[in-house]
Structure formats: C-alpha cells, structure tokens
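Let me begin by presenting the structure, written as structure tokens, before commenting on it.
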Amino acid sequence: MSDNMDNMTYDRRAFLKAAGGGVAISAASSGGDARESHQAGAAAAAKSGDLCFMSAKELAALMRTRKVSAREVMAAHLERINRLNPKINAIVAKLDDERCLALADAADQRAAKGGPLPPLHGLPIAFKDLQPAVGFPFTRGSSIYRNTMPAEDSVLVERLRNAGAIPIGKTNVPEFGMGSHTYNKVYGTTVNPFDHTKSAGGSSGGAAAALATGMLPIADGSDLGGSLRNPGNFNNIVGMRPTVGLVPSAPNPFPLLGFGVNGPLARTVADTAFLLSVMAGPDPRDPGCAPSDPSVFRGTLDRSFRETRVAWCPDLGGLPMDPRVRAVLDAQRKTFETLGCVVEEACPDLTGADSIFLTIRGFRSAAVYGPLLAKFRDQMKPEAIGEIERGLALTRDDLAQAMIQHGQLLERVRRFQEKYELMLCAVNQVPPFDATLDWPKTIAGVTMEHYVAWMKSAYWITVTFRPAISVPAGFTSDGLPVGLQIVGRHRDDLTVLQMAHAFEQATKIGNRRPSIA
C-alpha cells in the first residue's frame, strides 16, 4: 500500500472532489506517475483497450496458444491501472510494475516449455480484500488489520493461483465487508466508473469497478447480502451468487451456516461461467461444499427458453423502489417474452426473510468481530458497531426462531419453483447513490430503518439459498447502470447462466463502457 494513503487523514468528500477534478491519491503502488502514463499517447491506450476489453476466455486462449504473451497482457493492464486507478481507487495494495511484469515473464517461460497450461494462465487478478492471500495485506477494510499479512492463502485464492492467474494486488472493500458501499479508513472510497460522484457498490465494489474500466479481466468476490450482485449492478457488469455449497470457502468460522458464498464477477456471462468453472467444486477443507461437476460451466450457454415459465416480480411483492429502476426493469419484460418465455406476475412467499437474514447476519458479526469491540471501538464505523451490538443482544430463542422460519421459507420457495423455473426481480431498489453518503436513507419516500434496508431485494434472495445473477439491464435517464436479478432453482446454476446469456445477447447492454475507459 502507498505510504501517503497510510498516513492521510481519511476524508471521503476531499477524495471525491479530487477524483472529480482528475487528481486523486492512488491506493495502488503504481510504479510510475499516472500523468506520465496518460501522456504515453493514444496508440498505447488503444492497444491497452484492445487487450483489456477482450473476453477473458479469449484472452486466456490466446496466451495458451502463445499468440499473445503474458507480458503484453500485463503491460496493457498496468497502463490502464496507472492511468485510471487514481480516479477510481478500485485496486489497492498493488505490487510495483516491475514485479508484476516479472510474474508475467515467469508465466511466459512456463508456456515456452510446452505442455498443457492451466485455464487462467497469464490473466492478471487482484483478490478481494476479504480473502487472505500470501504476499498481500489482509486488511478487510479495517485499520485494525492494516498491517496484517496472512501466512496462508484461502482455498479460493489457492485455487485461482493454481489455475494460472497472476496476482497483482487486492480489490477494495467496505470495513469488514459490511454494507454495499465501498469505503474505509485504510484505502478510502471506490467510486463508480460511470459517475465519479456515485457509489461503486460493495462489498466487491473494487473488483466490479476494476472490471468495468478494463483494469482487470476477471475478479473474485463474495456475497452475504448482495456483495457480488450489487456491485455488478452498479457497474454494468455481471456478478453471480452461486448456489450455497458450490464454491468452497475456507478458512470459514461457520462452514455449515450457508449464507455467505464466494463467486465470480466478469464483464460477460460467458466469462462469469468460465471463472466459475475454476472456482466451483468440492474441497475437503469446506464440509459445506456439495459434490459438483464444474466442467458443465465450460460448455455452451446457448439454450432455447421457449415455453419456459418465469415469475416476474421486480419488487419482490411490494418493496419500495426508485422509479428510475422500475422503469428500466419494466422495459425489459418484453425481452423475455421475445425469447419465448411465458412471463407471469408472481412472487414466492418470502415472509420472515428480513428477520431471518438480520438475525443470522448479526449472529455472525458478533461472533467474528465482537471480541474486537471493547478494544477497537474507536476504529470502527458506527454501522459496524451497531451490527455487532445487535448480534450480541440476540438470545437462543431468536436464533432458534430464525432457523425454524428459514426451513419453512426454503420449502415455500421450493414449491413455488416447481411451477416457475426462474424468477426475475430487481438487484437493487436504487441506482448508484451519492458516494459521500454512508447508505441511502430513503427510497421512493420510504425511510430505510437500518443501513442495509435498501438492499432487501438482494438479501431476501440470499435467504433462499438459490443461485442468482445480476446482468446489465439498462441505464437511467441520467446515465446510471441498472441490473436485473435472475434467480434459479436450487443447484441449477447452469440455467441461471444460460438465461442471463440469452438476455445479454438479446440486449447487448453490457457492451456499454464508462467514458473514463
């Protein structure tokens, strides 16, 4: 991490003002002045764009066949990072450029020896800063862990390294990953590439913003209450929450709880499936991971959806929704009808979803971060303190009731999905909001009762344990991205990807890039 970011007094408004003016403190150790990178010329930028916005699957194939070198790919992404990251602040704790290029050279040397190469060979990646990765700080967006250097990789990081991805840094997250707006006292705020005054979402906000701007070809993320789907939605990319138990998670203090998952982010559904094929599959260190065949995600995503019955429920039965979001989603209903779907207005009975999620989330937060509260309260954001304290106040009866209600809800959703293969709803109830806010306080005139209340359209789906994906669906009149959430049956992740792919091909909305890129 850069020394000036370590020592700065954290002021989000000052950062945002600077970013809007084209000058900002970079949270990445760029290895060169961003202005020098900018002055490298249009030709260099054009070459960077060609490689940096190429499909990750295609880019990996070019490197495996040695038509493009890993060094060329790395150099293109570094040029883009040095030029854009100071304004977006998506990638943090970055290795210097020379080290990144040396890692790419080592990948090219392995390729020169011949023989099969792993699927992600040569692709630059920055791990989400909620994942321990050897050689990088593991801050979790908290000054409490500012200097923590892990001794071991998580299972996910290990899997991505073994698949040939080249780690160059971390991606920014909110403090402890709490809330879907990426800001913290260690690295600052990640802003939205489409409007630098807006939030990039979270907790995988850094990953999503890096993808949207071409600074990374693929990214990992995690999702408890929407942390893969919300930033996918806010940045006009794809974010997928897999079925609980598909992607292993370790170390994990609650391996059988099931609410939090790891998953992929990418610019296209095909690249999302490509990355999921590497992430998925059981690991003995995660007893909650179910047997699966990840190779199914490497096949074609083409499928006919004629006569497929889908449930249209944008507001999940009456959640308040910003009219700009509703207008974008309503306009896309006809797309599914054009694809041949039988679209019916219907919604599962999600009674209890709110209390179930908040109880389990509070329990997890108190167990993991409660021991820190007495010693480090002054270093925690108010929302984290409140979250932990609510968890500490829970009783055994509170937890028992949440678990009983959860089982009942899962059965109601299962029965609902006997009729409807897929559900279509909002990812977020609001478009990207002001980045100086901690969280939206109202939606369509309705006051939000707590700091994640504006995320109910995402975290109610979390409680179903179903696979869900955010796919670009359109833009508001003021140019802000809006995504659509596609929810599938239990362990039918492939159908979710296939429907998202069909929608993506029909609309091409994901092709729109932010002007900064």
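Basis for what follows: all heavy atoms, side chains included, without hydrogens, waters or symmetry-related copies. Just so we're clear, the structure is a prediction, and the values are computed from it rather than from any experiment. Positions are given from 1 along the sequence.
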Salt bridge present between R326 and D315 (N-O < 4.0 angstrom): yes
Check against salt bridge (charged side-chain N to carboxylate O under 4.0 Å, His left out), R414 and E411: CA-CA 5 Å; R414 184 193 68 78; E411 176 60 14; 2.7 Å; yes
Side-chain donor-acceptor pair present, D153, Q131, cut-off under 3.5 Å: no
Any donor-acceptor pair under 3.5 Å from T442 side chain to G445 backbone: no
Heavy-atom pair with the smallest gap, counting every atom of I168 and P124: CD1-CB, 4.4 Å
Interatomic spacing from CE in M240 to CG in L246 - rounded to 0.5 Å: 7.5 Å
Side-chain (N230) to main-chain (G201) donor-acceptor, under 3.5 angstrom: no
Residues R361 and E387 bridged, charged N to O under 4.0 Å: yes
Near-ring test Y369/F176, centroid separation under 6.0 angstrom: yes
Nearest non-hydrogen partners of G362 and L394, listed with the distance: C-CD1, 4.1 Å
Any N252 side-chain heavy atom under 4.5 Å of D286 side chain: no
Any donor-acceptor N or O pair under 3.5 Å, side chains W454, N428: no
Atom CZ of R99 with >12 non-hydrogen neighbours under 6.0 angstrom: no
Charged N-O contact under 4.0 Å between R377 and E389: yes
Side chain to side chain, F297 and D493, heavy atoms closer than 4.5 Å: yes
Pair R324-V482, side chain to side chain contact (heavy atoms under 4.5 Å, CB included): steps then yes or no: CA-CA 9 Å; R324 293 171 292 174; V482 174; over 6 Å; no
Side chain to side chain contact (heavy atoms under 4.5 Å, CB included) between L373 and I385, intermediate numbers included: CA-CA 7 Å; L373 192 58; I385 294 171; 4.1 Å; yes
Any P314 side-chain heavy atom under 4.5 Å of C425 side chain: no
Distance-only polar pair, side chains of D434 and T436, donor-acceptor under 3.5 Å: yes
Between T190 and N172, a side-chain donor and acceptor under 3.5 Å: yes
Least distance between heavy atoms, Q417 atom then H490 atom: OE1-N, 4.2 Å
Distance (rounded to the nearest 0.5 Å) between Y187 OH and T182 OG1: 13.5 Å
Where K375 and D378 come nearest, the two heavy atoms and their spacing: O-OD1, 4.3 Å
Spacing of CE belonging to M74 relative to SG belonging to C100, to within rounding of 0.5 Å: 5.5 Å
Stepwise salt bridge (charged side-chain N to carboxylate O under 4.0 Å, His left out) check, E449 with K456: CA-CA 11 Å; E449 62 268 36; K456 289 181 182 180; 2.7 Å; yes
Any side-chain heavy-atom pair of V325 and Q429 under 4.5 Å: no
Side-chain donor/acceptor of T476 to backbone N/O of L480, under 3.5 Å: yes
Which atom of P481 lies closest to which atom of P432, heavy atoms considered: O-CD, 3.5 Å
Ion pair R229/D223, N-O distance below 4.0 Å: yes
Sub-6.0 Å ring centroid separation between W439 and F433: no
Sidechain-backbone polar pair: S204 side chain, S227 backbone, donor-acceptor under 3.5 Å: yes
Any side-chain heavy-atom pair of T197 and V191 under 4.5 Å: no
Pairwise side-chain contact, L160 with L156, heavy-atom cut-off 4.5 Å (strictly under): yes
Inter-residue atom distance N235.CG - L211.CG, 0.5 Å rounding: 8.5 Å
From CA spacing to verdict: side chain to side chain donor-acceptor pair (under 3.5 Å), S470, N233: CA-CA 6 Å; S470 172; N233 169 45; 4.8 Å; no
Criterion side chain to side chain contact (heavy atoms under 4.5 Å, CB included) on F475 and N236, from CA distance to verdict: CA-CA 9 Å; F475 286 79; N236 202 48; 3.6 Å; yes
Heavy-atom closest pair, residues C347 and G317: SG-N, 3.8 Å
Distance, nearest 0.5 Å, that separates OG1 of T351 from CH2 of W460: 8.5 Å
Electrostatic pair D438-K381, nearest N-O below 4.0 angstrom: no
Expected output: side-chain R161 to main-chain R159 donor-acceptor under 3.5 Å: no
Electrostatic pair D220:K128 at N-O distance under 4.0 angstrom: no
L228 and S222, any side-chain heavy atoms less than 4.5 Å apart: no
H196 side chain to I88 backbone, donor-acceptor under 3.5 Å: no
Polar contact flag, side-chain donor to acceptor under 3.5 angstrom, E175-S142: no
Non-hydrogen side-chain atoms of L224 and Y459 separated by less than 4.5 Å: no
N/O donor-acceptor pair under 3.5 Å between R412 side chain and L350 backbone: no
Verdict with reasoning, M178 to S365, per side chain to side chain contact (heavy atoms under 4.5 Å, CB included): CA-CA 9 Å; M178 292 184 181; S365 298; 3.6 Å; yes
I469 side, atom CD1; L422 side, atom CG - distance, nearest 0.5 Å: 11.0 Å
Check: T395 main-chain N/O paired with D398 side-chain donor or acceptor under 3.5 Å: yes
Candidate pair T139 and D129, rule side chain to side chain donor-acceptor pair (under 3.5 Å), full reasoning: CA-CA 7 Å; T139 77; D129 199 20; 2.4 Å; yes
Under 3.5 Å: donor-acceptor pair, side chain of T359, backbone of I356: no
Backbone of L78 reached by a side-chain donor or acceptor of N82 within 3.5 Å: yes
Near-ring test F254/F259, centroid separation under 6.0 angstrom: no
